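First up is the structure itself, then whatever we jot down about it.
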Amino acid sequence: MISSIIRGSVPKVNTFFSISCRTMSSRYLIDDPKFSFLKDLGIKRTNKGVYNGEWCGNGEVTKTYDPATKEVIAEVQNGNVEDLNNCIKIADDSYKHWKTLPAPFRGEIVRQIGDELRKYREPLGKLVSLEMGKIQAEGIGEVQEFIDICDYATGLSRMFAGQVLPSERSQHVIIEKWNPLGVVGVISAFNFPNAVFGWNAAIAMVVGNSVLWKGAPSTPLISIATTRIVTEVLKRNNLPPVVTLCQGGVDVGKKMVADDRVKLLSFTGSTNVGREVGVEVQKRFGKVLLELGGNNALIINDDADFDMALDAAFFGCIGTAGQRCTTTRRLIIHEKIYDAFLEKLILRYKGLMKRVGHPLDEATILGPLHNQQAVDAYTNTIKEATNLGGKIEVGGNIIDRPGYFVEPTIVTNLPHDAPVIKRETFVPIVYVLKAKNLDQAIEWNNEVEQGLSSALFTKNIGSTFNWISENGSDCGIVNINTSPSGAEIGGAFGGEKATGGGRESGSDAWKQYCRRSTITVNYSQQLPLAQGLVFE
């Protein structure tokens, strides 16, 4: 699918959605047989948004919408603060049993969760596309990420370990041991409503924690369907509800952040909200894992593979309609190839408009923004950029069709440090900048407050190592000859500066879900003190 996106080939157009969008305005999508995959996932017309061993919910009833048509999919009865309190208590009780089980056994349960997700990969991926708005290939790919991290975590359950260190004292040894924390809270965002929970839950569970999840208020059906799949595995193995769910509003989120029974709070969202979350968790000396904004740059050096860099720029800018944390927001091009590269990219953008459509249509490569708030951010940012002297090379308009569709936009003629460029806007707008050399490009890459993802296209070995050195990118993700957009589960995912400093998924990110004990063992018959101290 990605190759067809990049090269511009058009799959056979599915007319299903052009018909359905006209005929279902008076009813919920759950009632239409064309969306039978919803019922395959256990979704009903009205769904309980709290799971604490049983499905319940005493909060507000809200509707959830298809952002491509603005039609109602179904309803959810959310949880309230009392429901959350019950979830925390049950999660804490479940943890007390779960932590005593051997880590490889916990890994086996996570392996079974991965297998269960495989059974539902396509319907769950379609739900991600329907409720979030990303194209079907990306929706199914997101579920695959959860499956992949389950495989990774299964192996990790037999491998995570501390060190054995030499002691300065005779017949002593220092051991490092990692133990679970307790209840791990996960507050996830709308743009990756399945995978972010998976990154956290799979790793947190194998090292011995229980997990409490609050999904985004605008994607509750994905949270419900995912939780149902996970918890069915737990029930089949006669295990307590190690995973609990409480959908809800701001009051539920604030309680989750403030409750000291939640030992680690993983939060994915904006820098502004994340800053508040970090302060509140620190007040109670809890642990916090923040995955916040990303104002990501792609640098195209004059010795880059031109066509490959063009593919990377196109996908990085327009994938998920610009709603990835790792979306390319700034394109920094060497002055020697600037004009030629920009011309080719504009042509790619112009050809994109015939591929706009409903995310579940296989011909679509550009779906909608998630909601009206995103559309407003788009129009306000276009206005600000043009007022500052920016030139709209292509795009800049709302698309006249049902749903929250906008044109992917390229803006030039702004200084690298313009306020609108230095502020992340979660929409498909890219600012194209002309750099004199690589040193200047790196300086511009590093000048924003965020530090999530970055990439350089070059064939020069010296440029490559400069880019990844202490003089290079200050981001958490520093790519070479590939897009800044997206990441594999095997590496630690996260960023520096105002991106929050948190790390999820692979490498040694598992350590964030543990407490470390340093243990000195004396197996001698004496009691020598460290540093040769004599105390008599």
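All values derive from a computational prediction rather than experimental measurement. Excluded from the calculations below are hydrogen atoms, water molecules and symmetry mates; all remaining heavy atoms, backbone and side chain alike, are included.
Contact check for T518 versus I174: side-chain heavy atoms found under the 4.5 Å cut-off. L127 places a side-chain heavy atom less than 4.5 Å from the side chain of L221. Counting heavy atoms from C-beta outward, L452 and K497 have side chains that stay 4.5 Å or more apart. The side-chain heavy atoms of L130 and F37, taken from C-beta on, include a pair separated by under 4.5 Å. Contact annotation: the side chain of L369 approaches that of Q323 to within less than 4.5 Å [non-hydrogen atoms, C-beta and beyond]. When side chains are defined from C-beta on, R118 counts as touching D115, because their heavy atoms get closer than 4.5 Å. Using a 4.5 Å cut-off on side-chain heavy atoms (C-beta onward), V173 and S167 make no contact. Counting heavy atoms from C-beta on, the side chains of T62 and P217 never come closer than 4.5 Å.
Atom CG in L84 sits 14.0 Å away from atom NZ in K89 (nearest 0.5 Å). With rounding to the nearest 0.5 angstrom, the CG atom of L264 is 14.0 Å from the CZ atom of R515. Summarising the geometry, atom OG belonging to S94 is positioned 11.0 Å from atom CG belonging to L212; distances are rounded to the nearest 0.5 Å. Taking CD1 from I147 and OH from Y120, the interatomic distance works out to 13.0 Å, rounded to the nearest 0.5 Å. Considering OG1 of T69 and OH of Y404, their distance stands at 9.0 Å, rounded to 0.5 Å. From R45, atom CZ reaches atom CD1 of I73 across 13.0 Å, with rounding to the nearest 0.5 Å.
Nearest heavy atom pair, residue L366 against residue I135, reads N-CG2, 4.2 Å. A pairwise comparison of heavy atoms in A216 and A189 identifies CB-C, 3.7 Å as the closest pair. Across every non-hydrogen atom of T64 and P220, the tightest pair is OG1-CD, 3.9 Å. For R284 against D260, the heavy-atom pair with the smallest separation is NH1-CA, 3.5 Å. Between Y513 and A204, the shortest heavy-atom distance links the atoms CD2-CB, 3.8 Å. For G293 against T271, the heavy-atom pair with the smallest separation is N-OG1, 3.3 Å.
Side-chain contact check for S223 and Q247: at least one donor-acceptor pair (N or O, by modelled atom type) lies under 3.5 Å. In this model, a donor atom of one side chain and an acceptor atom of the other lie less than 3.5 Å apart for D83 and N58. No hydrogens or angles considered: nothing links the side chains of E116 and Q112 as a donor-acceptor pair under 3.5 Å. A donor-acceptor contact closer than 3.5 angstrom is absent between the side chains of T482 and N479. Using modelled atom types, one finds a donor on one side chain and an acceptor on the other under 3.5 Å when comparing N522 with S524. In the model, T326 has no side-chain atom that pairs as donor or acceptor with a side-chain atom of N296 under 3.5 Å. A donor-acceptor contact closer than 3.5 angstrom is absent between the side chains of S210 and D92. Side-chain contact check for E75 and Y28: at least one donor-acceptor pair (N or O, by modelled atom type) lies under 3.5 Å. R261 and N85 share a donor-acceptor pair across their side chains, judged by distance under 3.5 Å alone. A donor-acceptor pair shorter than 3.5 Å can be found between the side chains of D148 and Q144. For the residue pair E138 / S129, no side-chain donor-acceptor distance below 3.5 Å is found, with atom types taken as modelled. Side-chain contact of S188 with W213: a donor-acceptor pair under 3.5 Å is present, judged by distance alone.
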Point to revise | salt bridge (Lys or Arg N to Asp or Glu O under 4.0 Å) assessment of K126 paired with E122 | key: CA-CA 6 Å; K126 287 182 176 180; E122 184 169 328; 3.4 Å; yes
Exercise for review: Show the numbers, then the answer: is there a side chain to side chain donor-acceptor pair (under 3.5 Å) between N52 and T244?
Suggested key: CA-CA 5 Å; N52 59 16; T244 53; over 6 Å; no
Exercise for review: Go through D259 and K255 one step at a time and tell me if the salt bridge (Lys or Arg N to Asp or Glu O under 4.0 Å) criterion holds.
Suggested key: CA-CA 6 Å; D259 198 299; K255 170 64 176 173; 3.1 Å; yes
Exercise for review: Go through the steps to decide whether R111 and D151 satisfy the test salt bridge (Lys or Arg N to Asp or Glu O under 4.0 Å), and finish with yes or no.
Suggested key: CA-CA 6 Å; R111 186 196 66 78; D151 289 346; over 6 Å; no
Check your understanding: Please walk me through it: do C87 and C246 pass side chain to side chain contact (heavy atoms under 4.5 Å, CB included)?
Key -> CA-CA 7 Å; C87 283; C246 191; 4.2 Å; yes
Review point. Hey, mind stepping through W98 and I109 against side chain to side chain contact (heavy atoms under 4.5 Å, CB included) and telling me if it holds?
Key: CA-CA 11 Å; W98 180 251; I109 299 303; 4.0 Å; yes
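Side chain of T154 to backbone of E108: no donor-acceptor contact under 3.5 angstrom is found. With hydrogens and angles disregarded, a donor-acceptor distance shorter than 3.5 Å links the side chain of R169 to the backbone of P528. Judged by distance alone, with hydrogens and angles left aside, the side-chain atoms of Q77 form no donor-acceptor pair with the main-chain N or O of E60 at under 3.5 Å. The backbone N or O of V76 lies less than 3.5 Å from no partner atom in the side chain of K63, so there is not a single donor-acceptor pair. A donor-acceptor pair under 3.5 Å is absent between the side-chain atoms of N237 and the main chain of L234, judged by distance alone. Side-chain atoms of H370 come within 3.5 Å of backbone atoms of M132 as a donor-acceptor pair (strictly under, hydrogens ignored). The backbone N or O of D31 sits nowhere less than 3.5 Å from a side-chain atom of K39 that would complete a donor-acceptor pair. With N209 contributing its side chain and G182 its backbone, the two residues share a donor-acceptor pair below 3.5 Å. A donor-acceptor pair is defined here as one N or O able to donate and one able to accept, closer than 3.5 Å; such a pair exists between the side chain of E424 and the backbone of G294. Distance alone, capped at 3.5 Å, places no donor-acceptor pair between the T320 side chain and the G322 backbone.
Checked against a 6.0 Å centroid threshold, the rings of W178 and F160 do not count as neighbours.
Atom CD of E82 sits in a sparse spot, with 12 or fewer heavy atoms from other residues, nucleotides or ligands closer than 6.0 Å. Atom NZ of K254 is surrounded by 12 or fewer heavy atoms from other residues, nucleotides or ligands within 6.0 Å. No more than 12 heavy-atom neighbours from other residues, nucleotides or ligands sit within 6.0 angstrom of CD on E54. No more than 12 heavy atoms of other residues, nucleotides or ligands lie within 6.0 Å of CD in Q373, so this atom counts as exposed by the packing criterion. Other residues, nucleotides and ligands contribute more than 12 heavy atoms inside 6.0 Å of the NZ atom of K235. Within 6.0 Å of atom CD in Q372, more than 12 heavy atoms from other residues, nucleotides or ligands are found, so the atom counts as buried in its surroundings.
For the pair K214 and F197, the cation-pi criterion (under 6.0 Å, within 45° of the ring axis) is not fulfilled. Within the cation-pi definition used here (under 6.0 Å to the ring centroid, within 45° of the axis), R228 qualifies as a partner of W55.
Evaluated for a side-chain contact (heavy atoms from CB on, under 4.5 Å) with S157, the options V206, V207, I203 yield exactly one hit, V206. For the pairing with N200, the side-chain contact (heavy atoms from CB on, under 4.5 Å) check across E291, E504, Q512, M205 returns one residue only, E504.
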